[in-house]
Every structure is written in structure tokens, then in C-alpha cells.
Amino acid sequence: MQRKFTLGLTLGILAASISLSSLVFAQTATDEIAKYREMIADGNPSELYEVAGEDLWKTPAGPKNATLEKCDLGLGPGVVKGAAAQLPRYFKDTNKVQDLESRLMTCMQKLQGRNPQEMVDAPFQKGPKKDMEAIVAYVVTLSKGDKIKVSTNHPKEKEMYELGKRAFYFQGGPMDFSCASCHGEDGKRIRLQDLPNLTTQKGAALGWGYWPAYRVSSGQFWTMQQRLNDCYRQQRFPFPIYASDLTIALSMYMAKNANGGTVETPGLKR
Amino acid sequence: MNQQRRSVLKYSAVFGLMASAGLISLAQAQEWNKAAFEGKGLDDVFKILGAGSPDKSAAITLNAPDIAENGAVVPVGITTTLKADQMAILVEKNPSALAAQFFIPAGTESFVTTRIKMGQTSNVYALVKADGKWSMAVKEVKVTLGGCGG
Amino acid sequence: MSDPMRVRAAENGGIVDVKILMKHDMESGQRKDAAGKVIPAWHITTINVKANGKDVLNGQFGPAVSKDPFLNFKYKGAKGDKIVVNWVDNKGDKRTDEATAS
Amino acid sequence: MKIMNIKSLLVIGVFALVSVATQSSVIAQQANDPKFNKMMKDGFRAEGIAGLDRIQQDETQKFCSDPVFAGSVKGQAMREKIQKINMDSIKQPSDGKYIGDWKKGEAIAQSGRGATWTDKADTPIGGGCYNCHQIDKKEISYGTIGPTLWNYGKLRGNSQELIVYTWNRINNSKAYNACSNMPRFAHFKLLNEQQIQDLMALLLDPASPVNQ
């Protein structure tokens, strides 16, 4: 009896030490990655986009040859500071819940006379989207450090949140993936990349709070719309339409879950 | 004083002035060193830079991560207690080894940081020229596959 | 036309810390386009940094320097130094931007 | 102090029981929502090889898109039904061979490519195994969504039972766990029989680095 117990204990300790050593190993790799991220954090190329975006914001353009300076991002015409921290939100004039990019499209249409369909159809990083990306970099930088504060008080906001939640769990494609396949549990990784659990406040703040971001692997500044687009590509889904309700609903779900977290945009990502 | 001697003096004075003003290295610095950047292996580049086979030096610190999350952006810094006038970053397994070269005038610290691309896990070399002699530090940087793309 | 750089220079204890971000694709010459054709290398070749008209750094880049290059170095200087950064690429494009040490 | 602890444990225990009971009594598979359906329909367009058929869910996907119900007591019967459908779809190797070439298996495990709208129809599809699993310990870049597979064969042996189980699991993981995160590689023709044999070798061949 005594011997059995000792054997069991030894085995137990052995198993624990084995799993501990692999844990330590994994820990070292993630520590090293953390060090790498720290090294590149100083000098985020998003700044280059932000400079261009500020210029585009203040330069007359479009058929109406107007600037975006009177654009209402939810805090009143012309208020950029802090606006991104409270998006998506319901807008009375369009009677819709809008994220930053769909709202900017409204401003470009109303103030500058630009055709929103051209924005929807343009490929990322090119033509009108290139302007959009720079403007987004400018706008989100002006919310850096603010608390994420998204409301679901309006029935349409609440509805959008629920639709987004359902979309988050929607499985499809030849690999049966949903957003939740990768972002529904704590402490998981793909390869060496940590996967925030977007269903929790902490995880959502880590995800939502750091996008839009400069993406090191592609050398591009990615808006939230492009981030979601590439998620769906990797999920092996068809192409999500730019600024569609689907994409806004997902943003609403993540942003609301992230409430109370800090806006760290523009981030710097792998 | 004869004429010849005077002109020699004048010449060396001008040369000395140029050197002290950094004009010689400036001319060298402003002409892109095509041959060095097109040199394939480490030894090719060492030869073109006139570095021979540089010794490792504890006075040089190569600041780079052990693991890079992405080979497209690998931060690399060189610091040295030597009085460097040139620095170079080389990646052994890149198609062309030389990534960047720096010319450091007097008054500038022996320190530079930039970011480079690495096609795969490789040794990275920090070369420093001080007092006419090249020496180096070496570090392996692991480049990992990331994301879902594989 | 080339896009503006971001130049920051901060003085501390007689040393000016200069950080430069350049907007450039730094095409490696190793990549292929959708049709399988090699995309030719296109990268910054030389960079010159002056403080109050005097060289403080000269650099040469190959195609292995990352996209949107970052450069950090330090020189003996003072607040108010006028810093001018110049780059030239292998197609002959140029860019000059300025900053004042703070 | 001790009594307090036991008391509070009891309270928590009772509360947990009650909440499980009440939860399972209200849980039902989520209702069809025309608004949601319209949003999904209007939200996507076909691009390249990724057609709109990809958001037409089969029974497994529909069931697993409602994790609250899928994980509930009420969902039990449906879970078993889904597992049976998937188990029945698995074919054993046509040539009777289960073990292929571990070297090729490693390459398949490494690649996470294929089947996206930026891929061509003939882009080879990888297994993407390292995305979620530790396999060969030498590869430090591995994911943790799935369990570690290091020493898979060494720890488990190579009984026929284990071989068939492993084969089935790679072919269609949903045969054992209705809402497993692992893709159904055979069902969606992501990997062919030979590729699965090669992955089997990576896990089970005594010569594979996984079993060293």
C-alpha cells in the first residue's frame, strides 16, 4: 500500500515535471516573442499613414471639393478626438449602426460627394481604400489611450450586438471554422501567436483595442475591415463585403465586449 | 623653401583637411557600394569591404531577438565601446549577405539600430571598423513561421 | 512621388537621439508577381543625415532592409539642432525631410 | 472558519446544481432568424474558389454554431446523432495501408495553405497541423488549440485499435466529438488518402522524429 502510494507519487511528480519542462520551453519561446515585439514597438510605421491621413482629412477633395473636417463621427461635427473609442454606434442621420469606416464613407459621400460604392469595390491598399486607410490611421490615433466605451442602449445597437454574437459562432466553409474556433477560449495560440478570447472583456480588449494596426508580415496598415476580411479568408469563407452589416455587427460584438479596455491603436502586429 | 616642397605641403594639408572634415568617407558613403551589396556569401562581402576575416570582439554587442515572429521585420542594433567609423549588418543565409552599412562621423555615437528582412533562420553578423580594423559579433536569429498561413 | 518621413530627435544630456521612419516599399527583388514574374528590386540605397549642416550619419541600404525602414542613432548635439534627412533609391527617387531636436 | 468554508461550498454547490437545471430546461436550439439570415446573405460575395455555397451549413455546422445548446444536456441526443453521421462517412484505406511516409507527413503538417479565395483550385492544401498541435518538438512554432502530439506513437503504442482510431480522427474528428475544432479532412476532400497515410506515419512510425 505504502509502496504503491510512493510509486504513484513519483510518477505524479515525474509527469508534473515533464509537463513543467515543456511548459517552461513554451514559455521561453513566448518570452522571446514578447522581447521581439518590444524591440519593434518603438517606431511603429503606422505613424507614416497617420501623417498622410491628417493631410487627407484637411485637404479638399471629391466632386464637392470639400474637406472632411465637418465629419460627425458621433461626438459632433469635426470632433475626432476620442470618437473612435465609442464606435460602432447608432447614427440618427443614416438610421444605422456604423463602424468607423462605414461612417467615414457617409462623410465622404455627404461632404465630398464621393460614391460609396467605389470605396466598397476598391481592393485594399489601393485607390480610394488607400486614402481610407490613412484617414483611419489618423482618426484612431486620436483615441489612443482612451477607454473603450461602446453603447448598446439604442435598440438598433443592441440588435447589432446580438447579430454579431450569432455571426461570431457561425460555422461554415470546408474547415468548419467560425470566429469562435480560434477566439472562443482562453490561453490558446496558433503557431506562436496568442489568440485573444474575444468572448471575454479581457480578450476582447486585447483584440479590439489593438486594431487597426501596422502589420509587420505584410508591411501594411490594416483597418478593422481588412482585419476581419483576412479572418474570413483564413476561415475559408467567401469574401465579406466591405462595410456590410455583417462586418459592423462583428465589430459591435467585439467592441462592446471590450468596454472598459484601453484603445491602443494604431497597434503593431505580426 | 623650394617650390616642389611647398606644393606637397599644400597637397597634404588639403588632404588632411578633407579627411578631418570627413569628406573622404563622405564620398565613399554617398556612392552606393553596389559590389558589396551584390556579393553573395559572407566571404565575398568581407573581401569587398576590405574586412579580410574579421575577429570576434567582445567590445561589440549585436542586439537582435533570439526568435523573430516574422522574417520581414527583424530588429538589429549594433553597439560598441570601440570608436567605430563604419558598421555593417550581414545575414549569412540571405541571397545577398550585406543588409546595411553605416558611416559614423566623429561626434556620432557608436550605435545604430535598424530592421532587416531574413528569409530563414540564420546567423546575423555585426561588423565594426575602428582604427582601420574590422571586427565582429555574431548571433543566431530564429525565424518562425507564424499565423495560419504556414 | 515619395511620401514624407517621420523624423524625431530628442536631446538628453548632450546626446540627441534620432529616430527615422521612411515610407518605402523596399522591394527585395526576390518576390514574384501573380504571373510568376520576378518583381524587380526597388529600395533606398543611400541615406544622409545632417545636423546643422554637418554629417551625423551616412547609411547604405540593400534590398534586405525592411519595408518602411526604421533607423535609430545618437550624436553629440543640442536642443534646437536642425536635422535634415535625405534618401535616394535605386530608381533615383529622392526625399528630404526635416526636424528640430527637442 | 472551517465550517464557514464548508457552508459556502455547499451554497455554491447547490447554486451550481440549480443553475444547471434551470439552464437545461430553457435551452433549445437557437431559432431561425430571418434578419440574421439576410445579414449573412448580404454580407458575402463569391471570390475565386470561395463560392457562396460555403456559407450553406450542413447539419454538423448548424448544430455547432449554437455552442450553448450543443454543450447542453438537451443537446446530447443530437450530439450523438452528429457523431454517428460523421463516423459513418469515414472510409478505411482502400489499399489497407495505414502508414505512409513520415517525411511527407511532416511537410503536410507544416503547411497551412490552400482553400482560401487567394488560392487556386489546384493549390495543394496543407494539413495545417502545427497551427494547433505540437508535433515534432524541434518545431518551436506550434499552436495549442489541440493537444500535443509529441511522442504520440511512443506513448500509445501501435495496436490496431489505436491505428484505426487515429485514422478516423484525422479523417473526421467529429466522429468522436461533434463540435471538435478540427476540420473534417476527408469529408471536405482537404487531404487525400495518401496524405492521411503520411500524417499517420508522422504520428505512429517508430522512425518518425515525433517518437524519438
Side-chain angles (χ1 to χ4, degrees), chain A residues 18-19 22 25-26 28-30 32-33 120-121 159-160 162-185 187-195 199 228-230 232-250, chain D residues 30 33 35-36 38-58 60-68 112 114-119 125 128 130-132 134 137 139-145 148 150 173-174 179-185 187-190:
Chain A
I18 288 171
S19 62
S22 65
F25 184 73
T28 335
T30 34
E32 281 306 323
I33 293 288
V120 171
D121 293 341
E159 180 186 50
M160 213 52 158
E162 292 301 333
L163 287 167
K165 183 176 183 180
R166 191 159 177 168
F168 186 83
Y169 288 101
F170 182 94
Q171 286 195 2
M175 294 190 182
D176 298 331
F177 289 153
S178 69
C179 307
S181 305
C182 291
H183 293 289
E185 273 183 89
K188 301 291 181 189
R189 337 191 290 238
I190 277 192
R191 292 279 186 168
L192 281 172
Q193 277 73 53
D194 296 320
L195 299 164
T199 67
L228 288 176
N229 182 276
D230 200 59
Y232 272 127
R233 188 183 67 86
Q234 302 272 27
Q235 277 173 243
R236 274 72 184 179
F237 270 53
F239 194 99
I241 291 165
Y242 187 79
S244 58
D245 278 352
L246 164 70
T247 60
I248 296 166
L250 278 170
Chain D
Q30 62 189 0
D33 177 359
K35 224 167 192 165
F36 178 76
K38 183 175 178 348
M39 179 182 86
M40 294 303 281
K41 191 174 153 285
D42 295 346
F44 291 100
R45 63 173 167 79
E47 172 87 12
I49 59 169
L52 289 172
D53 57 314
R54 291 187 175 195
I55 51 168
Q56 296 301 316
Q57 297 177 304
D58 70 6
T60 303
Q61 292 173 338
K62 197 172 279 173
F63 177 68
C64 297
S65 294
D66 183 2
V68 176
T116 74
W117 70 66
T118 48
D119 293 306
I125 300 172
Y130 279 101
N131 286 355
C132 299
Q134 181 183 37
K137 228 171 185 171
E139 176 55 86
I140 57 164
S141 179
Y142 62 86
T144 60
I145 294 175
T148 175
W150 167 248
S173 190
K174 271 109 183 161
C179 296
S180 158
N181 278 324
M182 190 159 143
R184 292 172 281 174
F185 288 104
H187 173 71
F188 281 110
K189 299 187 169 58
L190 300 167

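Remember, predicted model here, so these are calculated numbers, not experimental data. Chain A is the first sequence line, chain B the second, and so forth, proteins listed ahead of strands; every chain is numbered from 1.
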Pair count under 4.5 Å, heavy atoms only, with chain A: among D/F188, D/Y130, D/W117, highest is D/W117
Greatest number of heavy atom pairs closer than 4.5 Å to chain A - which of D/T60, D/L52, D/T118, D/I49: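 Of the candidates given, the most pairs with chain A belong to D/T118.
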How long is the gap from [atom1] on [X] to [atom2] on [Y], to the nearest 0.5 Å?
{"X": "D/Q61", "Y": "A/F177", "atom1": "CD", "atom2": "CZ", "value": "11.0 Å"}
{"X": "A/L163", "Y": "D/K35", "atom1": "CG", "atom2": "NZ", "value": "7.5 Å"}
{"X": "D/H187", "Y": "A/D176", "atom1": "NE2", "atom2": "CG", "value": "7.5 Å"}

What part of [X] lies closer than 4.5 angstrom to a heavy atom of chain D: side chain, backbone, both or neither?
{"X": "A/A249", "value": "side chain"}
{"X": "A/E185", "value": "side chain"}
{"X": "A/E159", "value": "side chain"}
{"X": "A/I33", "value": "neither"}
{"X": "A/S178", "value": "neither"}

Around atom NZ of A/K188, are there more than 12 heavy atoms from other residues, nucleotides or ligands closer than 6.0 Å?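 Yes, the 6.0 Å shell around NZ holds more than 12 heavy atoms from other groups.
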Return the minimal non-hydrogen interatomic distance between A/L195 and D/I145, and the atom names on each side. CD1-CD1, 3.6 Å
Nearest non-hydrogen partners of D/G43 and A/S244, listed with the distance: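 Scanning both residues completely, I find the closest heavy atoms to be O-OG, 3.8 Å.
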Which bit of [X] is near chain A, if near means a heavy-atom gap under 4.5 Å: side chain, backbone, both or neither?
{"X": "D/N181", "result": "both"}
{"X": "D/K38", "result": "neither"}
{"X": "D/L190", "result": "side chain"}
{"X": "D/D33", "result": "both"}
{"X": "D/M39", "result": "both"}

D/C179: disulfide bond (SG atoms under 2.5 Å apart) partners, not counting sequence neighbours: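 Expected list: D/C64.
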Could you check if a side-chain atom of A/Y169 sits within less than 4.5 angstrom of a side-chain atom of D/V68, using non-hydrogen atoms only?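 A/Y169 vs D/V68: side chains apart.
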Any side-chain heavy-atom pair from D/R54 and A/M175 closer than 4.5 angstrom?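 SC-SC contact between D/R54 and A/M175 ruled out.
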Kindly say whether [Y] contributes a backbone atom to a donor-acceptor pair with the side chain of [X] at under 3.5 angstrom?
{"X": "A/Q171", "Y": "D/Q57", "result": "no"}
{"X": "A/R166", "Y": "D/S65", "result": "no"}
{"X": "D/R45", "Y": "A/P238", "result": "no"}
{"X": "D/T144", "Y": "A/R189", "result": "yes"}

Residues which pass side chain to side chain donor-acceptor pair (under 3.5 Å) with A/D230, listed by chain and number, not counting sequence neighbours: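 If we apply the side chain to side chain donor-acceptor pair (under 3.5 Å) test to A/D230, skipping adjacent residues, the hits are A/R233.
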For the residue pair A/Y232 and D/F44, categorise the inter-ring angle as parallel (less than 30°), tilted (30 to 60°) or perpendicular (more than 60°).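 Because their plane-to-plane angle is over 60°, the rings of A/Y232 and D/F44 count as perpendicular.
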Do you know which of A/P174, A/G172, A/G187 has the most heavy-atom pairs with chain D at a distance under 4.5 angstrom? A/P174
